[in-house]
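Here is the structure we will look at, set down as structure tokens.
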Amino acid sequence: MTGESQTQFTLGIVRKHPHVLLGMKKRGFGEGRWNGFGGKLKAGESVEDAARRELKEEAGIDAGEVCKLGRIAFWVRGQHDPIYMHIFSVGEYTGEPVETEEMRPEWFHIDTLPYDGMWEADRHWLPLALEGVRFSGWFIYDENDKLKRYDIERLD
């Protein structure tokens, strides 16, 4: 795998209309924030396989079809290399979401998502993902995790 693959991550957004499953990050990067479920790709793993694996590890569910909606790049805390995040929509799954060492899952109505407890960028790309719109974008955060600049575009 190339050096870029070290910064490849997935993020799965689980839908059960009109609800969205988010997880409260309990440890590590993003601790204390609501987010989708995901993480870093392993060597030789496709982004789709990584999305499924992370959902199982972080929420205890087995994803059916995962639909890639977007790819966004993040620059955080003054890093020179971006983090590439592949965003997936998950509509079908088996099992019941359970709390894990890393995440505490909770269902939210799409009209009452906890944006104040999420990354600032989520306000810009998550509504597109929830509409099923394909998108691409980039986000730059400062050393205090405040969003400085961004750009996002619809691909459909």
Side-chain angles (χ1 to χ4, degrees), residues 1 4-74 76 82-139 141 145 147 150 152-156:
M1 306 209 45
E4 182 181 289
S5 67
Q6 296 304 311
T7 60
Q8 301 289 316
F9 287 76
T10 65
L11 192 68
I13 306 298
V14 181
R15 300 281 314 267
K16 189 189 291 185
H17 191 70
H19 295 91
V20 178
L21 183 66
L22 298 174
M24 171 55 70
K25 186 83 157 100
K26 295 167 52 177
R27 65 178 186 191
F29 186 72
E31 181 178 350
R33 289 196 166 117
W34 292 103
N35 208 346
F37 301 89
K40 191 182 253 187
L41 271 70
K42 293 183 177 180
E45 189 174 42
S46 72
V47 291
E48 292 83 3
D49 289 342
R52 286 186 181 91
R53 175 182 52 75
E54 289 288 346
L55 276 165
K56 182 68 171 179
E57 290 175 4
E58 293 184 347
I61 59 177
D62 293 301
E65 182 179 349
V66 294
C67 176
K68 186 172 178 182
L69 293 175
R71 180 176 185 243
I72 48 184
F74 290 95
V76 292
I83 294 170
Y84 295 101
M85 186 75 63
H86 302 269
I87 312 292
F88 290 89
S89 177
V90 179
E92 295 182 13
Y93 64 89
T94 57
E96 288 298 319
V98 296
E99 185 169 350
T100 63
E101 289 182 11
E102 191 157 345
M103 300 286 270
R104 178 175 49 85
E106 188 172 324
W107 289 102
F108 291 91
H109 191 279
I110 59 171
D111 294 334
T112 59
L113 293 175
Y115 284 115
D116 289 342
M118 300 169 77
W119 289 97
E120 285 181 73
D122 296 355
R123 292 179 185 272
H124 303 285
W125 66 261
L126 185 54
L128 296 175
L130 295 177
E131 290 176 28
V133 173
R134 292 180 56 243
F135 59 91
S136 177
W138 54 265
F139 299 87
Y141 285 90
D145 293 337
L147 187 61
Y150 72 93
I152 191 157
E153 65 178 297
R154 293 173 177 253
L155 300 177
D156 289 339

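Numbers here simply count residues along the sequence, with the first being 1.
Enclosure of atom CD in Glu131 by more than 12 non-hydrogen atoms of other residues, nucleotides or ligands within 6.0 angstrom is indicated. Glu31 CD: more than 12 foreign heavy atoms inside a 6.0 Å radius.
Just one of Val47, Thr10, Val66, Asp62 meets the side-chain contact (heavy atoms from CB on, under 4.5 Å) condition when paired with Arg52; it is Val66. Put simply, the residue from Tyr115, Phe108, Trp107, Trp119 that forms a ring pair (Phe, Tyr, Trp, His ring centres under 6.0 Å) with Trp34 is Phe108.
One finds a salt bridge joining Glu45 and Arg53 here, because a Lys/Arg side-chain nitrogen approaches an Asp/Glu carboxylate oxygen to under 4.0 Å. A salt bridge is defined here as a Lys NZ or Arg NE, NH1 or NH2 lying under 4.0 Å from an Asp or Glu carboxylate O, and Lys26 with Glu101 fails to meet this definition.
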Determine whether Phe29 and Val76 satisfy the following criterion, side chain to side chain contact (heavy atoms under 4.5 Å, CB included), listing intermediate values before the conclusion. CA-CA 11 Å; Phe29 186 72; Val76 292; 4.0 Å; yes

Working note: Asp116 + Arg123, criterion salt bridge (Lys or Arg N to Asp or Glu O under 4.0 Å); need CA distance, chi angles, decisive distance, verdict. CA-CA 9 Å; Asp116 289 342; Arg123 292 179 185 272; 2.5 Å; yes

Going through the checks in order, is the side chain to side chain contact (heavy atoms under 4.5 Å, CB included) test met by His17 and Ile110? CA-CA 8 Å; His17 191 70; Ile110 59 171; 4.0 Å; yes

Residues Leu113, Val20; criterion side chain to side chain contact (heavy atoms under 4.5 Å, CB included); working and verdict: CA-CA 8 Å; Leu113 293 175; Val20 178; 4.1 Å; yes

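Residue Asn35 holds its CG atom at 7.0 Å from CD1 of Ile13, rounded to the nearest 0.5 Å.
Under a 3.5 Å cut-off, the side chain of Glu120 and the backbone N or O of Leu147 do form a donor-acceptor pair.
Side-chain atoms of Phe74 and Trp138, non-hydrogen and from C-beta on, never get closer than 4.5 Å to each other.
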